[in-house]
Undergrad: 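Got a structure here, written out as structure tokens. Questions coming.
All chains are named by letter (A, B, ...) in the order of the sequence lines, taking the proteins before the strands, and each is independently numbered beginning at 1.
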2 protein chains.
Amino acid sequence: MLTTLKDVAKLANVGVSTASYALNGNKLIKESTRKKVLQAANELGYHPNGNAKNLKRSKNDMIGLFISGFTGPFFNQLLEGIQDVVVSHGYELVVCASNERHRMLTERLVDGAIILNYHIESELLKTVASEKMPLIVLDREIDHPHIYKALLPNDKGIKQALKHLEDKGHKDIGFIAGSTDSYDGETRLSAFKHYIKEHNFTTEQSAILRADFTEASGYETMKTFLKNNHHYPTAFIAANDEMAMGAIRAIKEEGLSVPTDIAVVGFDDIIIAQYLQPSITTVRVHKKQWGEQVAEAMLNILKGANADLILQPTMELIEREST
Amino acid sequence: MLTTLKDVAKLANVGVSTASYALNGNKLIKESTRKKVLQAANELGYHPNGNAKNLKRSKNDMIGLFISGFTGPFFNQLLEGIQDVVVSHGYELVVCASNERHRMLTERLVDGAIILNYHIESELLKTVASEKMPLIVLDREIDHPHIYKALLPNDKGIKQALKHLEDKGHKDIGFIAGSTDSYDGETRLSAFKHYIKEHNFTTEQSAILRADFTEASGYETMKTFLKNNHHYPTAFIAANDEMAMGAIRAIKEEGLSVPTDIAVVGFDDIIIAQYLQPSITTVRVHKKQWGEQVAEAMLNILKGANADLILQPTMELIEREST
DNA sequence: AAAAGCAATTGAAACGATTCAACAAATTTA
DNA sequence: TAAATTTGTTGAATCGTTTCAATTGCTTTT
């Protein structure tokens, strides 16, 4: 069997409690016996059993990030931001991309969770959230005393994109929406619809396309659209950069030019956006900053601070060659 | 306090053991009492305490992936591959990017671990690995009965890259190495040195540059090199695509052309490589496949199968515009 | 009608740590 | 010198599950 604290204690010739205190740096233990215990632990290659430890302490020193998958370039920077802050406060971060069980979350193997995963139902979140287990959601509206929100101001982003296109003289603007599962995607879409109406743009219903956030889907959707409609908008906004990429590829393939015939604005500012030809005008989401803010908030909540601060990550339009 | 199994049992008017059996689907329990228990659990919003559960069962149904950080586009596809396989076998995956404690690993909160993190010392790995906790390392040579290896055939990749350049008529070939921490980076470098000598290429010592895997470092290094040397190789191999990108940017900025003046071969085939101008010739690493193989191997090991199979992810040269 | 078998339920003993309260020995104080 | 305090050490209780072994009612068999 694996080495336990008892084995260490026996080898060091002390009680288990002494061994425990020694290893945890309790200062009541005499220096000489601490040495003995450390030596024994080392000799046996002892590592504590985390489950036992966490069970007893009812604390894991662990924060969980729950995302829907690792596909796509969006998560990396967000992750970096969260990671940096979390470890600098003595916690560790675990990232899970579960789509059904979410055991790490439901069985309370973390002390707090950050949620960006549409697979997890809000009802479940409500039964899991508690004083001892605060949640921060990045992907939904939800009302619960221990669930905090850190949502992107997608509305403002869309507004900026439209303003930019308007300034460039566009009146007829289309939209490429992502999958309906996504909170950000859908708020971007409805913000678009809202402002279109408010500012009397001439967008036709048929110019609101539906794709699924991938480059390929952006390509296919735009291709089909151009094949079936001889009239097309002078500009498109895509709900993310990957779809914008795909759309641009399709447009070019149909013999049209970006931005002369059709201008395209993306969303997120993924790394690749600046390297493409044409480079993509996009609404930059400060993903790393977002992650940092969320993590800071989580740590404050865990510290007991009253952190119902509503986070406002910033967004800005980055003008490039595609408009 | 939080709801425990005892609370559920009390509400359902049964013993704790009955409640436990009921929730775990033991068929000795009468259907009517199972219903009672489920109903009670539901009413209380009960979720089992994972630490207690895992402690008792000495099993976590959890596999850990330990990487050095979330920066860079390399990990995503690897992650996808691992994730898919792991969840399809009833396990869950946790990803940790720790750089000092690695508690998820050392405190045995996972049943098996996949290591791609140079921050974790081999000595530590040896004290952690055991029958109950198999390890697969992706980033080092290490000898231990419970540590399995799944290393990339970097040697072959370099060979292919050199062959390709040779076919294109290059004799004087430079190299851009990554940071010395990286196993893959260093094996790529030494394979390069080896074949250079074996095939009598005319590479000068000064044309072996040292960067750190980032685009920026590739750019800087190449910039400095071109500034200081009026003679330059007709081709470079970079230890990853990002450095290749940076190098190309520098080369173009110095008024030289890729591939006419200097050809560049990258390594990994990250998504962006095909979209750049010029698109990058690179040694493709089948990252998703690699991830799948590794995960399969881990699950086999956990199942007790004798899986000392040495994995051989494939590599192939993808020719594009940069050569 | 007693014996045997089965179905359903249960108390109690683990799992491996932490930590309280008790204690002994050594030291200080009165 | 007795009492009080300090310094180290320790057994035992606890965290919330799972699971063994025992127990209770019922049927069924002899």
Undergrad: Would a distance-only check, ignoring hydrogens and angles, find a side-chain to backbone donor-acceptor pair under 3.5 Å from A/Asn24 to A/Ser20?
TA: yes
Undergrad: Just wondering, more than 12 heavy atoms not from B/Arg140 lying within 6.0 Å of its CZ?
TA: yes
Undergrad: Hey, does A/Lys30 have a side-chain heavy atom less than 4.5 Å from the side chain of A/Arg34?
TA: no
Undergrad: For nucleotides 15-21 of chain C, read 5' to 3', which letter fits each nucleotide if B means a protein heavy atom sits under 4.0 Å from the base, S means only the sugar-phosphate is that close, and - means neither?
TA: BBBBBB-
Undergrad: Answer with yes or no whether the side chains of B/Ser179 and B/Asp212 bring together a donor and an acceptor at under 3.5 Å.
TA: no
Undergrad: Heavy atoms within less than 4.0 Å of DNA chain D: which residues of residues 26-35 of chain A have one? Give them sorted by number.
TA: A/Leu28, A/Ile29, A/Lys30, A/Thr33
Undergrad: Mark yes when over 12 heavy atoms from residues, nucleotides or ligands other than A/Lys59 sit less than 6.0 Å from its NZ; otherwise mark no.
TA: yes
Undergrad: Has B/Glu31 got more than 12 heavy atoms of other residues, nucleotides or ligands less than 6.0 Å from its CD?
TA: yes
Undergrad: Can you check side-chain contact (heavy atoms from CB on, under 4.5 Å) on B/Tyr118 and B/Ser182, steps first, answer last?
TA: CA-CA 7 Å; B/Tyr118 64 89; B/Ser182 158; 5.9 Å; no
